[in-house]
Engineer: 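Handing you a structure now.
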Amino acid sequence: VQLQASGGGLVQAGKSLKLGCTASGSFTSINAMSWYRQAPGKERQPVAHIMSDGHTTYEDFVKGRFTISTNGVKNWYLQMNDLKPEDTAVYYCHANVKLFEGVEWASALDYWGQGTQVTVSS
């Protein structure tokens, strides 16, 4: 399974960006799709998640500004509005994947995309 993230860039504070992630390869389904971020000198942190049933969760620092969505089984997005300089980070997409049906070890495996840089200038 490979994840390809896209959509990063340089924007001014208050502007918007939309990140996308596409999963490819052979698998049965995706249990959860997520976005994480890692700022320079800091640990990677979760940003938002969307489960296979559509349930979404957000970290407090993005609530009301970011929206995670999916348009099917292999694509998900992060709409980021009202960006702030502190949102500057490398953003990674993540998927928890079911590779095969009926095989316990293959029911929930984690995969990461390569990361896309988001830089917000003040």
Engineer: Please report the interatomic distance CG(Asn96) to CD1(Ile30), rounded to the nearest 0.5 Å.
Structural biologist: 9.5 Å
Engineer: Treating Ile, Leu, Val, Met, Phe, Trp and Tyr as nodes and any side-chain heavy-atom pair under 4.5 angstrom as an edge, say whether Val47 and Ile50 lie in one connected cluster.
Structural biologist: yes
Engineer: Between Thr70 (side chain only) and Asn75 (backbone N and O only), is there a donor and an acceptor less than 3.5 Å apart?
Structural biologist: yes
Engineer: In the structure I gave you, are the side-chain heavy atoms of Trp76 and Leu3 within less than 4.5 Å of one another anywhere?
Structural biologist: yes
Engineer: Hey, are the side chains of Gln79 and Ser16 touching, using non-hydrogen atoms and a 4.5 Å cut-off?
Structural biologist: yes
Engineer: Within the side chain of Thr88, is there an N or O that forms a donor-acceptor pair under 3.5 Å with the backbone of Val120?
Structural biologist: yes
Engineer: Using the rule that two of Ile, Leu, Val, Met, Phe, Trp, Tyr join whenever any of their side-chain heavy atoms come within less than 4.5 Å, decide whether Phe61 and Leu19 are in one cluster.
Structural biologist: yes
Engineer: Determine the minimum heavy-atom distance between Ala13 and Ser122, stating which atoms define it.
Structural biologist: CB-CA, 4.3 Å
Engineer: Assess the side chains of Ser52 and Asn31: does a donor N or O sit below 3.5 Å from an acceptor N or O?
Structural biologist: no
Engineer: State yes or no: do Val62 and Val11 share one hydrophobic cluster built from I, L, V, M, F, W and Y residues joined by side-chain heavy-atom distances below 4.5 Å, directly or via other members?
Structural biologist: yes
Engineer: Return the NE2 to OH distance between His94 and Tyr111, rounded to the nearest 0.5 Å.
Structural biologist: 10.5 Å
Engineer: When you compare the side chain of Val118 with that of Met80, does any pair of heavy atoms fall below 4.5 Å?
Structural biologist: yes
Engineer: Grab the two heavy atoms, one from Ala89 and one from Gln117, that are nearest each other, plus how far apart they are.
Structural biologist: O-NE2, 3.4 Å
Engineer: With sequence neighbours left out, what residues match Lys63 under side-chain contact (heavy atoms from CB on, under 4.5 Å)?
Structural biologist: Tyr58, Asp60
Engineer: Taking atom CG of Leu78 and atom CE of Met33, what is their separation to the nearest 0.5 Å?
Structural biologist: 13.5 Å
Engineer: To the closest 0.5 Å, what do you measure between OG1 (Thr28) and CZ (Phe100)?
Structural biologist: 7.5 Å
Engineer: Nearest 0.5 Å, please: how far is CE in Met51 from OG1 in Thr56?
Structural biologist: 11.0 Å
Engineer: Angle between ring planes, Phe66 versus Tyr91, binned at 30° and 60°: parallel, tilted or perpendicular?
Structural biologist: tilted
Engineer: Specify the closest pair of heavy atoms between His49 and Ser34, including all atoms of both residues, with the distance to one decimal.
Structural biologist: ND1-OG, 2.7 Å
Engineer: Where do Arg44 and Tyr92 come nearest, in terms of heavy atoms and distance?
Structural biologist: NH2-CZ, 3.4 Å
Engineer: Going by atom types alone, do Gln4 and Ser6 pair a side-chain donor with an acceptor below 3.5 Å?
Structural biologist: no
Engineer: Is there a side-chain contact between Val1 and Leu99 (heavy atoms, below 4.5 Å)?
Structural biologist: yes
Engineer: At what distance, to the nearest 0.5 angstrom, does OH of Tyr36 lie from CD of Glu59?
Structural biologist: 8.5 Å
